[in-house]
Amino acid sequence: MKYNLELIKNKRKIISFSTFLILLSLLGILYSTFNTSYKKPINLGMDFVGGNELRIERVCEDECSNLSPDSVLENLRDISSNKNFINNIKLQFQNNNKLISIRTPYLSIEESNNLITNLDNIIGPLNYESKDSRLIGPKLGKRLLTNCVTSLLVSLLAISLYITIRFDKKYALFALLALFHDLLIVFGIFSWLGIILSVEVNSLFAVSLLTIAGYSVNDTVVIFDRIRENLKSKEEGYNETIQLSVNESFRRTTFTSITTLIPLLSIILFGSYSLFWFSLALSLGIIVGSYSSILLAPSLLLKD
């Protein structure tokens, strides 16, 4: 089957669409930085900022009563001497209001026990045997964030060197622009998710960005290789050869992306919550990366 993606005709539309996505992502990043409580480009989770995560079940006879997290926090505020501390607590009810999930800043063992005792007085009785807690100190969280940023920068530098050696300067520049385009859009989407749905990112998000970078570059390199080979042998004009090369690579690139997306969509639909946002980030990265490799990067190569 022959495909006919008209890059020459739609070059401006493709670049305009990408520009719109980039501006939307930057808007989310700027809004998150200056107009949210966490004052960061993205809502960092406990892996990066440190803190306590506590999960404990309520003891209910038949069905647990429906409680509002805001009302519970208000009751905690009334009996607590540290009002600011309560403002930094995130409380959720899960599993038909039976399971309580609590996120707090870093707590000592004594402070954690006091919090549980207060919760027991407000919404108890609680099943102490079901208690499950996780603790990350602020120094460890900061170190993990630094390591994730460093690993991402090092990988991008290595990819940049590889592309520069593999192609000439023009090809390398446009491949890198497509790569940063993909990472920025995924980052921007999660900035908006943090603003709208309070979605937090953890160390798995950093892993997803690294994976997206490698995947995006691989797709772009395949198409650029086809373009370079055809420019040596085809008799068509420069722009026509690029368009022909993209159409020849379209089937392979699209099928590879779909094959990769199928297990990720399965995890999103049927997997655990802990892998949901990781799988969603990868899926978005593959979709955006395929778009930039097939349409954006070759369009940038076209001559006006």
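Please read these numbers as outputs of a predicted model, since none were measured by experiment.
Side-chain contact between Leu27 and Trp192 is present, with heavy atoms from C-beta onward closer than 4.5 Å. Considering only heavy atoms from C-beta on, Thr36 stays 4.5 Å or farther from Asn43 through its side chain. Between Asp219 and Ser290, some side-chain heavy-atom pair lies under the 4.5 Å cut-off. A heavy-atom distance below 4.5 Å is not found between the side chains of Asn218 and Tyr215.
Judged by distance alone, the side chain of Asp182 and the main-chain N or O of Gly285 form no donor-acceptor pair under 3.5 Å. Lys39 contributes a side-chain N or O that, together with a main-chain N or O of Phe34, makes up a donor-acceptor pair within less than 3.5 Å. Put simply, the side chain of Lys11 gets close to the backbone of Leu302: a donor and an acceptor are under 3.5 Å apart. Checking side-chain atoms of Ser292 against main-chain N and O of Gly289 turns up a donor-acceptor pair under 3.5 Å. Between the side chain of Ser216 and the backbone N or O of Ala213 there is no donor-acceptor pair closer than 3.5 Å. Looking at Tyr171, its side chain never comes within 3.5 Å of a backbone N or O of Asp225 through a donor-acceptor pair. For the pair Thr220 (side chain) and Ser293 (backbone), a donor-acceptor distance under 3.5 Å is absent.
Pro298 and Ile242 make their closest contact through O-CG2, 3.8 Å (heavy atoms, listed as atom of the first residue, atom of the second, distance). Closest heavy-atom contact between Leu176 and Ser160: CD2-OG, 3.4 Å. Between Ser283 and Ile268, the shortest heavy-atom contact is OG-CD1, 3.6 Å. Contact detail for Ser249 and Ile223: the closest heavy-atom pair is CB-CG1, 3.9 Å. In plain terms, the two heavy atoms of Ile163 and Ala172 that are nearest each other are CG2-CA, 3.3 Å. Residues Ile195 and Tyr31 come closest through the heavy atom pair CD1-CD2, 3.4 Å.
Rounding to the nearest 0.5 Å places CG of Leu179 at 5.0 Å from CG of Leu183. The distance from atom OG of Ser191 to atom CD1 of Ile185, rounded to the nearest 0.5 Å, is 12.5 Å. Rounded to the nearest 0.5 angstrom, Thr241 OG1 and Glu248 CD are separated by 9.5 Å. The distance from the CG atom of Leu153 to the OG atom of Ser155 is 7.5 Å, given to the nearest 0.5 Å. Taken to the nearest 0.5 Å, the OG1 atom of Thr254 stands 11.0 Å off from the CG atom of Leu261. Between the OG1 atom in Thr253 and the CD1 atom in Ile258 there is a gap of 11.0 Å [rounded to 0.5 Å].
Side-chain heavy atoms closer than 4.5 Å link hydrophobic residues (I, L, V, M, F, W, Y) into clusters, and following such links, even through other members, never connects Ile196 to Leu30. Cluster membership for Ile159 and Leu161, using ILVMFWY side-chain heavy atoms within less than 4.5 angstrom, is not shared. In terms of hydrophobic clustering, with Ile, Leu, Val, Met, Phe, Trp and Tyr side chains grouped at heavy-atom distances under 4.5 Å, Leu284 and Tyr291 are assigned to a common cluster. Note: the hydrophobic cluster containing Ile8 also contains Val246 (ILVMFWY, side chain heavy atoms under 4.5 Å, direct or indirect links). Val222 and Leu231 end up in different hydrophobic clusters when Ile, Leu, Val, Met, Phe, Trp and Tyr side chains are linked at under 4.5 Å.
Checked against the 6.0 Å centroid criterion, the rings of Phe224 and Phe174 do not qualify as a close aromatic pair.
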Give the C-alpha distance, both sets of side-chain angles, the deciding distance and a yes or no for side-chain contact (heavy atoms from CB on, under 4.5 Å) between Asn239 and Leu7. CA-CA 9 Å; Asn239 284 357; Leu7 295 186; over 6 Å; no
Test Leu177 against Leu296 for side-chain contact (heavy atoms from CB on, under 4.5 Å), laying out the working first. CA-CA 9 Å; Leu177 286 176; Leu296 178 61; over 6 Å; no
Applying side-chain contact (heavy atoms from CB on, under 4.5 Å) to Ile29 and Ile42, what does each step give before you reach the verdict? CA-CA 7 Å; Ile29 292 169; Ile42 200 166; over 6 Å; no
Which donor-acceptor pairs under 3.5 Å do the side chains of residues 199-208 make with protein atoms, sequence neighbours left out?
unit_1, atom_1, unit_2, atom_2, d
Glu200, OE1, Arg103, NH1, 2.9
Glu200, OE1, Arg103, NH2, 2.9
Glu200, OE2, Lys90, NZ, 2.6
Asn202, OD1, Leu204, N, 3.0
Ser203, OG, Asp47, OD2, 3.2
Ser208, OG, Phe205, O, 2.5

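Partners of Arg252 according to the salt bridge (Lys or Arg N to Asp or Glu O under 4.0 Å) rule, which considers only residues two or more places apart in sequence or in another chain, do not exist here. Residues satisfying the salt bridge (Lys or Arg N to Asp or Glu O under 4.0 Å) test with Lys9, not counting sequence neighbours, are Glu6.
Checked against Val154 for a side chain to side chain contact (heavy atoms under 4.5 Å, CB included), the options Leu157, Leu152, Thr150, Leu156 give a single hit: Thr150.
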